[in-house]
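What follows is one structure encoded as C-alpha cells, with my remarks underneath.
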Amino acid sequence: MTEPRSDGERRKGGRSAPPDAWGIVPGYEDAFGTWTDVSTDVRDRLVVAMGGDPSANGPPDDDPVLVVRTGETPRVADGIEILLEDGEVVALNDGALPPDLPLGYHDLRLRGTEATRRLIVSPGRALLPDPSVTWGWAAQVYALWSADSWGVGDLRDLRTLACWSASVGAGTILVNPLDAVTPIHPRGTSPYYPTSRRFLDPLYLAVDEVPGAAGVADLATCRDRATADSGDGLIDRDIVFAAKLDALERIWRDSPTAGREPAFLALIDARGTALHDFAVYCVLAEQRGTGWRAWPGELSHPDNIEVADIARRHADRVRFHMWLQWLCEEQLGRAGEPVALLGDLPIGADPDGFDAWEWQDVLADGVTVGAPPDALGPNGQNWMLPAFVPWKLRAARYEPFIDMLRLAMQHVGGLRIDHVLGLFRLFWIPPGGDAASGTYVRMPARELLDILALESHRSGTFVVGEDLGTVEVGVREELEARDILRYQVWWFEEEGLEAWSAKALASVSTHDLPTVAGVWTGTDEADLRSVGQNPDGSWHAQLRARIAEAARLAADASAEDAVVGLHRHVARAPNRIVVAQIDDALVIPHRINVPGTDDQQRPANWSRPLPVAVDALGQDQTVQAVAEAMRVGRAQRVAPSTAGQAADPTDD
C-alpha cells in the first residue's frame, strides 16, 4: 500500500514519542512536519479496543515466547528442558541455552510439568534471492488473457507469461496478491482487500485444466457466460466468478475422481484445521450472502457449536471449497516452475472476512489502520483494515503471523511485504474516528522480523519490504541489515543510480503510480482531473524532464522511446533485482489504480485487461525492446557508492 509523498517528504523520518506500556505512541510528527499530541480519550479508546483497561499499567506481563538468534545463549530458569520440534529433549545443565540449537519452533518446559514456553530460533537474516534473479516483470494476473481465458487472467496465463519470461532471460515476476475473496456478490476489485491472506482466489483457476473437466458436459456454456462482452471493455469479476463456480460445481458433481485425488487428500492432512475452517466460512458466507459481522450471534465465532453443526450438515460443500484451494495451489505451483514468482502480501485483510473471523480474539475491536496526514491525503488515510493487538499476538505465540507467512510463501520464490513499515509500527484509527484522530502503535518488530527471517529460510523464499511512504529513522537500515530487500521507485529517487541500494528491488513505477506513457503524454494528469483529483502539474513536468535526461530524448520523442530509454537507464541500477511493469512495456498510458478513488469514481481500477494477449507479448516490438534493455542493462550494472550503501549482495 503506497503512501504518496511530495518531494520534500520522501526522506523525512517522522519523529515520535516513546510508546506507553500498551505500545501506543502519545505523539508523532506527520509528513508535513506537524507535531500531534494524542489525546487521553484516543489513547483510552485504543486500550479498550485492545481488550485492556485504560487504568491498568499495561497488558498482562506473562512472557509466552522467547525469540533468539542462532548462537545466542541467554539464561533461562533452572530446571528447564527444551522439547525440540522433532521430539528430541535437550536438558539444560547450567540454565543457558546451547549455541547450536536448530532453527525452528521449540518449547521450553519445566521438568516434571506440562507447562511450556515457545522458543523460536531464527537466523536473524532473510534468505537473499539467487544471484541469477536480477530482473523480471511486474504483472497484474487478472489483466492477462489468451484465447483460452474465461474473461479474466488465470494461472495458466501466468504460466504462459512465466515460460516466455524465462526464455528472454527474466528471473522473476512480481504478481498482484492472488488471495481469496469472500464468495458473495458483489466482489471487490482491489487485490489488497482479501478475505484471507492465507488462501487463494478460485477466480484465477483455468477451469479446463482442472482434472476431470474434459469428461464433463456443458462447460462451454459456462465459458460463454464468462466471456460475454460487458460493453465497457473492463473485467466483470462477478460474472466471471459465477460462471467459473458453476463449471467447477459440475466437475465436482460429475467427475468420478473429483475430491479423491491423492494430492488433495494429502493437502487436507497438511493444512490441518485452517483449511477446513476457511471452507466452512465460505459455506456460511454463501448461505448468508454477507461477511461474518452480519451473521447471527451463534455464527459469529468459529468455535461455536452451531458453526460445527453447519459444517457437518454441509460437509460436501465444505469439502468442495477445500478442493478449490487444492486446485489453486496445484496451478500456482506449475505457474511458478519457470521463474521465481514474487508474491505480494497485503498489509491487512477485510475486517468482515475469514481471517478477521478466525483471528478476532487477537485483533483490536473496531480499529482500522491507515496513514497520518500527508500531501495527497491531508486528512490522513483510512485503509479500513484491522490490526493485530501486539500483546495478544505475542500471547498467541505468534501463531497467526507464522501461519500467514507460511501459507503466503507457498509456491513462490519471493514475497513482497506490502507496507513493511507495519512490522515496526502501524497507524491505528480508533473505532468511529477519522484518520486524523489516530496514532501509531508499536509492534514487536525484532521478534516479527526474526520470525520472517526464519520462515524465509524454511521455505526458500527471499523477501522484499515495500518501504515507501513516511519512514522513521533506522527502519531502512534495519531492513538492509536483515537482508530484506527494500523497494526503490525511480519516480521518487532523485539521486543518481550509483547512490541506490544494492539490497533493494527497483522499478520505474508501481500499480498506484503513473505509467511512463501516462507521464510522457500528459494522459495521467488528464485522468486524475477526470476523477476529481487535482494533480501536481509541476511534479509531472519534472518527471518528463527527468525522463528526457535519463533516456537522452528530445521533448517530442515518442512514448515508446521514452519507455525503452528509461528502462535501459534504470536497468543499470546496482539493485539486486529490477522489475519492469508489463503495462509500461505495452505503453499503456493509464494507471492500474488511482488511490483515493472507488469503483464509482473510476471503474477501471484493477479491472483493465491488457491490450495484447499474453501469448503475443513476445511479438510486440516495444516489449521486445524493453526486455533487451533489461538484459543489457543488468549486465552493465553500475557500482554503488560506498558511502552509506550496503555491500553488493552478489558478493555474499
Side-chain angles (χ1 to χ4, degrees), residues 21-23 50-52 56-126 198 269-277 301-303 308 355 358-364 388-409 423 442-459:
W22 300 95
M50 291 181 177
N57 294 327
D61 60 1
D62 58 336
D63 194 10
V65 180
L66 175 62
V67 182
V68 301
R69 298 177 193 169
T70 302
E72 292 181 342
T73 58
R75 291 188 63 83
V76 295
D78 291 333
I80 295 294
E81 60 187 8
I82 304 174
L83 179 62
L84 299 179
E85 270 186 304
D86 63 5
E88 181 184 352
V89 176
V90 177
L92 302 184
N93 296 322
D94 60 357
L97 297 181
D100 57 349
L101 284 174
L103 299 177
Y105 301 92
H106 316 299
D107 284 307
L108 298 173
R109 184 172 62 189
L110 183 63
R111 281 196 291 270
T113 75
E114 295 300 319
T116 63
R117 180 186 183 199
R118 174 55 52 89
L119 171 64
I120 302 176
V121 182
S122 167
R125 298 160 73 103
R198 293 175 286 164
D269 291 337
R271 289 288 182 269
T273 60
L275 177 59
H276 178 267
D277 289 349
H301 197 284
D303 292 341
D355 282 355
E358 185 173 60
W359 291 338
Q360 57 188 278
D361 297 333
V362 294
L363 296 174
F388 285 120
V389 177
W391 68 268
K392 286 186 176 180
L393 182 61
R394 200 167 190 276
R397 313 210 302 183
Y398 292 115
E399 288 296 342
F401 183 68
I402 295 166
D403 194 36
M404 177 184 67
L405 289 178
R406 191 166 294 164
L407 293 181
M409 290 177 173
L423 297 182
R442 287 285 176 187
M443 300 298 291
R446 181 189 183 278
E447 295 184 340
L448 293 175
L449 291 170
D450 279 339
I451 292 169
L452 176 60
L454 174 57
E455 289 301 319
S456 166
H457 279 262
R458 292 181 76 139
S459 63

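One is the number of the first residue; the rest follow in order along the sequence. Values below: all heavy atoms of this structure, side chains included; hydrogens, waters and symmetry mates excluded.
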Apply side-chain contact (heavy atoms from CB on, under 4.5 Å) to E85 and list each qualifying residue two or more places apart in sequence or on a separate chain.
-> Y105, H106, R458
Minimum heavy-atom separation for P444 to P390, with atom names?
-> CD-CB, 4.0 Å
side-chain contact (heavy atoms from CB on, under 4.5 Å) involving A274 - partner list, sequence neighbours excluded = R198, F199, D403
List for me each residue that meets ring pair (Phe, Tyr, Trp, His ring centres under 6.0 Å) alongside F388, sequence neighbours excluded, and say none if there are none.
-> W359
Do E455 and I402 pass the side chain to side chain contact (heavy atoms under 4.5 Å, CB included) test, and can you show the C-alpha distance, the side-chain angles, and the key distance before you say yes or no?
-> CA-CA 8 Å; E455 289 301 319; I402 295 166; 3.8 Å; yes
Are the side chains of L108 and I82 in touch, meaning some heavy atoms are under 4.5 Å apart?
-> yes
By side-chain hydrogen bond (donor to acceptor under 3.5 Å, both in side chains), which residues pair with D78, not counting sequence neighbours?
-> none
State, to 0.1 Å, how close A364 and V389 come at their nearest heavy-atom pair, and which atoms those are.
-> N-CG2, 3.5 Å
The side-chain hydrogen bond (donor to acceptor under 3.5 Å, both in side chains) partners of R442 (sequence neighbours excluded) come to S16, E472
Return the set of residues passing side-chain hydrogen bond (donor to acceptor under 3.5 Å, both in side chains) with D63 (not counting sequence neighbours), or none when no residue passes.
-> R117, R394
Give a yes or no on this: more than 12 heavy atoms of other residues, nucleotides or ligands lie within 6.0 Å of atom CG of D62.
-> yes
With the side chain counted from C-beta on, respond yes when M443 and L449 share a heavy-atom pair under 4.5 Å apart, and no when they do not.
-> no
Provide the closest heavy-atom pair for L452 versus F401 in the form atom of the first, atom of the second, distance.
-> N-CE2, 4.5 Å
Gap separating the CZ atom of R118 from the CG atom of L66, nearest 0.5 angstrom = 11.5 Å
Indicate yes or no: at least one non-hydrogen side-chain atom of S456 is less than 4.5 angstrom from one of R125.
-> no
Side-chain touch I120/E447, heavy atoms, less than 4.5 angstrom | no
Exercise: identify the closest heavy-atom pair between P123 and A453 = CG-O, 3.9 Å
Could you check if a side-chain atom of T116 sits within less than 4.5 angstrom of a side-chain atom of L83, using non-hydrogen atoms only?
-> no
Test side-chain contact (heavy atoms from CB on, under 4.5 Å) applied to A396 - qualifying residues, sequence neighbours left out | V362, P400
Only counting residues at least two apart or in another chain, list the ones meeting side-chain hydrogen bond (donor to acceptor under 3.5 Å, both in side chains) with D450.
-> R69, R446, R482
Pairs where residues 86-100 contributes a residue and the test salt bridge (Lys or Arg N to Asp or Glu O under 4.0 Å) is met, not counting sequence neighbours = none
Output the distance between atom CG (L103) and atom CG (L454), rounded to the nearest 0.5 Å.
-> 6.0 Å
Identify the heavy atoms of L101 and L97 that sit nearest to each other, and give their distance.
-> CD1-CB, 4.3 Å
Those residues at least two apart in sequence (or on a different chain) that pass salt bridge (charged side-chain N to carboxylate O under 4.0 Å, His left out) with R397 are D107
CG (D303) and CD (E358) are apart, to the nearest 0.5 Å, by 8.5 Å
Return the set of residues passing side-chain contact (heavy atoms from CB on, under 4.5 Å) with T273 (not counting sequence neighbours), or none when no residue passes.
-> D277
Where do W22 and A56 come nearest, in terms of heavy atoms and distance?
-> NE1-O, 3.9 Å
Residues two or more places apart in sequence or in another chain: which of them pass salt bridge (charged side-chain N to carboxylate O under 4.0 Å, His left out) with R111?
-> none
